[in-house]
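Structure, as structure tokens:
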Amino acid sequence: NAGVTQTPKFQVLKTGQSMTLQCAQDMNHEYMSWYRQDPGMGLRLIHYSVGAGITDQGEVPNGYNVSRSTTEDFPLRLLSAAPSQTSVYFCASSYYYPGQGNTEAFFGQGTRLTVV
Amino acid sequence: KQEVTQIPAALSVPEGENLVLNCSFTDSAIYNLQWFRQDPGKGLTSLLLIQSSQREQTSGRLNASLDKSSGRSTLYIAASQPGDSATYLCAAVGSARQLTFGSGTQLTVLP
């Protein structure tokens, strides 16, 4: 029962470096998303995907890229890290109840990123 | 744009008390509402999912209600225990299955 797996759990980057946060799910969910969590701001949606080959922007997409080549994987790329991207990043996948419009989201354990 | 508010931001209660956490949302056109628990330094654990056609859901000592017309949901915790100490988050699910989160209620249950 792996669920949603994120790697790495912790990362320190220097300003300007790039990196990829990995996210994988084994529940065959078509919907996946990335959030960042900051003190006092709650969780905010960065990017999401409704299926392989389809991605779209959320509330705070600037500085991040995503791709979805398979159902299982949804990596998040930081193009040129900035101190403002210091945050905890969560990946989620959602099960969609057919014909009901309802969805239940499952979250990974998070990646704590510090940009210095 | 959907906005979700959780009150109170923090709550401290003695063990054994029954308590209510509140969640309000501005757009009643939601598909469902989900309650999560987050322990310090950990991810989000789903507690309860209330579909838009439902008024409440129960799991053990937890009961969540949903009133779409008034834009409100409550999470009731019966007979609280120190192990219930955590941050509780609600999220409204709208079109495109996007979750809009409240800022959470940090609960401390004192032994």
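What you see is a predicted model, and the numbers here were worked out from it, not measured in a lab. Lettering of chains follows the sequences in order, A, B, ..., and the numbering in each one begins at 1.
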For this session: Would you mind telling me which of B:Gln38, B:Lys42, B:Lys1, B:Gln34 has the largest number of heavy-atom pairs within less than 4.5 Å of chain A?
Result: B:Gln34
Exercise. Which bit of A:Gln6 comes within less than 4.5 Å of chain B, counting heavy atoms only: side chain, backbone, both or neither?
Worked result: neither
For this session: Please test A:Tyr64 against A:Arg36 for side-chain contact (heavy atoms from CB on, under 4.5 Å), starting from the C-alpha separation and ending with a verdict.
Result: CA-CA 11 Å; A:Tyr64 308 94; A:Arg36 60 178 288 172; 2.9 Å; yes
Exercise. If you look at every heavy atom in A:Gln85 and A:Ser80, which pair is closest and at what distance?
Worked result: OE1-O, 3.8 Å
Exercise. Hey, what do you get for SG (B:Cys90) to CG (B:Leu33), rounding to the nearest 0.5 Å?
Worked result: 5.5 Å
Exercise. Which answer fits A:Leu43, side chain, backbone, both or neither, if we ask what part of it has an atom under 4.5 Å from a heavy atom of chain B?
Worked result: both
Problem set entry | chain B-proximal positions within residues 105-116 of chain A [heavy-atom distance under 4.5 Å] | A:Ala105, A:Phe107, A:Gly108, A:Gln109, A:Arg112
For this session: Treat each ILVMFWY residue as a node, draw an edge where side-chain heavy atoms are under 4.5 Å apart, and state whether B:Leu19 and B:Trp35 are in one component.
Result: yes
Exercise. Do A:Ser67 and A:Arg77 have side-chain N/O donor and acceptor atoms under 3.5 Å apart?
Worked result: yes
Exercise. Considering only heavy atoms, which portion of B:Ile30 lies under 4.5 Å from any heavy atom of chain A: side chain, backbone, both, or neither?
Worked result: neither
Exercise. In Å and rounded to the nearest 0.5 Å, what is the OG1 to CG distance from A:Thr71 to A:Asp26?
Worked result: 12.5 Å
Problem set entry | B:Asn63/B:Glu56 under side-chain contact (heavy atoms from CB on, under 4.5 Å): CA gap, chis, key distance, verdict | CA-CA 7 Å; B:Asn63 176 277; B:Glu56 65 178 77; 3.0 Å; yes
Seminar exercise, completed: Nearest heavy-atom approach of B:Leu66 to B:Gln51 is CD2-O, 3.7 Å
